[in-house]
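Whatever order the structure lists them in is the order used to number ligands and atoms, beginning at 1. When reading the values below, keep in mind they use all heavy atoms of this one structure, side chains included, and skip hydrogens, waters and symmetry mates. It should be emphasised that the depicted structure is a prediction, and the values quoted were computed from it without experimental measurement.
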Amino acid sequence: MACNKVKMVIDKEFRISEVDERIYGSFIEHLGRAVYDGIYCPEHPSADEYGFRSDVKEMIRELNVPIIRYPGGNFVSSFNWEDSVGPVNERPRRLELAWKSIEENKVGLNEFTKWARNAGSDVMMAVNLGTRGIADACNILEYCNHPGNTKYSDLRISHGYKEPHNIKTWCLGNEMDGPWQLGHKTMEEYGRLAEETARAMKIIDPTIELVSCGSSSLTMPTFPDWEAVTLQHTYDHVDYVSMHQYYGNGKGDSEDFLACSDDMDEFIRTVIATCDYVKAKKRGKKDIKISFDEWNVWYHSNAADNDITENHPWQVAPPMLEDIYNFEDALLVGLMLITMLKHADRVKMACLAQLVNVIAPIMTEAGGGPAWKQTIFYPFMHASAFGRGTALLPVISTPKFDTATHVGVTAVEAVSVYNEEKEEVTIFAVNRSIKDDAEMTVDVRSFEGYRILEHIVLESDDLLAANGPFNEKVAPKQTSQSSLDGGTVTSILHKASWNVIRLGK
Ligand code: AHR
């Protein structure tokens, strides 16, 4: 085994941007066991007076998630929000077309909003631009945000919610470029509908922020025309464009899998370029920001999910998208977080998709069992805890290698975040070589008087090791693999490892 030599320079004056804490957002969709049997389970011993699991809420608080997207996802494209409000025993059971399930509407937008705030999160609400349109988007906004004395605000008050929810962030539909989406649209159709919906919504509440639907992945055939065309319609009325991306290691090629964050980087760069093209064309003044509101690893559960939708449809809360994540998935999640931090000037919101049971960092066992942490829980928790402040420009020299579908893959990916208030700086680094350790030296001379607070590492001899309800094989630990001498930090980054190196006064 060789030891790669890596050099990095960080300087508190060389900044990318403030990190918007909302990049540590997540997502809960009415899908599988995310809501029912996930966050909500009145029979569970830890359930609070409203039926929500306190043990799950505690884990969400550990992740410190500032914003949660809701209620979908594909689910939103046939969602009738009115079904989800009012007395629970009067709410209808509906066929849920996106996932071929039954939606019982026991939890709806009021209960969810109250729960989210209690868990320490704001809500990013999505409106249905699939099977519905402008009028319904206006109605749900009036219901949620208008103080009173109108049809829908009074309806909310009659449902026991006197104060408006004041939801600030709204997604104009979901993945409308995808042929799988109910009410899928061409870019012209979506652009016009989103433009008019946005205009109407901002009349009702000019303080809201709106997200225009971007492409569902880098590989969509309509990418990046979709962004170029739709943003020409929505540019004046929206603040963000959405990005979605999932990766999988279906071929069992770990090196190539860990290089996928390079694709994410390319995707972000192209979306920024397209937003700037539209800005130039419009002679605009504002930059459209990115809401990377679905990102994760997703592939382990595909076959089981197809079996449910094809052979066992119309169940209530079936166990769908229950990916069990392994160690290499956690590394890629760490790499994706580093990639977004490197674009902190444009990526202002992001949602790890999703939060509980459905492609999630937190799992729950049915029948009163425990909640437990998947491998991907940890890099997200570290970034959310220590990645707040100012992202610094990473100047890095590292060996590179090629993989099956990627060229010039850096052995080490790293970024640092400076928290001026706390006088701390944290270096996040992944050694994505699965063969070689790395010795990384970091010039930190601008951080005079700082010392190493800790070096946390997530590593495993087995890239495929996974956690379970009673067995946590992959968990972070403290190491003494970092030292500081004469303004240089020297760290040993073991092959295939996620590292959090924290310095403070
Ligand atoms: O997060 C799971 C699904 O992935 C969402 O419903 C959809 O938006 C995306 O395709």
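For the pair Glu29 (side chain) and Phe75 (backbone), a donor-acceptor distance under 3.5 Å is present. Between the side chain of Gln232 and the backbone N or O of Ala228, at least one donor-acceptor pair lies under 3.5 Å.
Remark: His159 pairs with Tyr143 by the ring pair (Phe, Tyr, Trp, His ring centres under 6.0 Å) rule, at least two apart or across chains. Residues satisfying the salt bridge (charged side-chain N to carboxylate O under 4.0 Å, His left out) criterion with Asp83, sequence neighbours excluded, are Arg94.
Protein residues with any heavy atom under 4.0 Å from ligand 1: Phe27, Glu29, Gly73, Asn74, Trp99, Asn174, Glu175, Tyr246, Glu294, Trp298, Leu321, Gln354, Ile359.
Smallest separation of non-hydrogen atoms from Tyr325 and His300: CD2-CD2, 4.2 Å.
The ring-ring contact (aromatic ring centres under 6.0 Å, His included) pairs that include a residue from residues 230-260 are Tyr246-Trp298, where partners are two or more places apart or lie in different chains.
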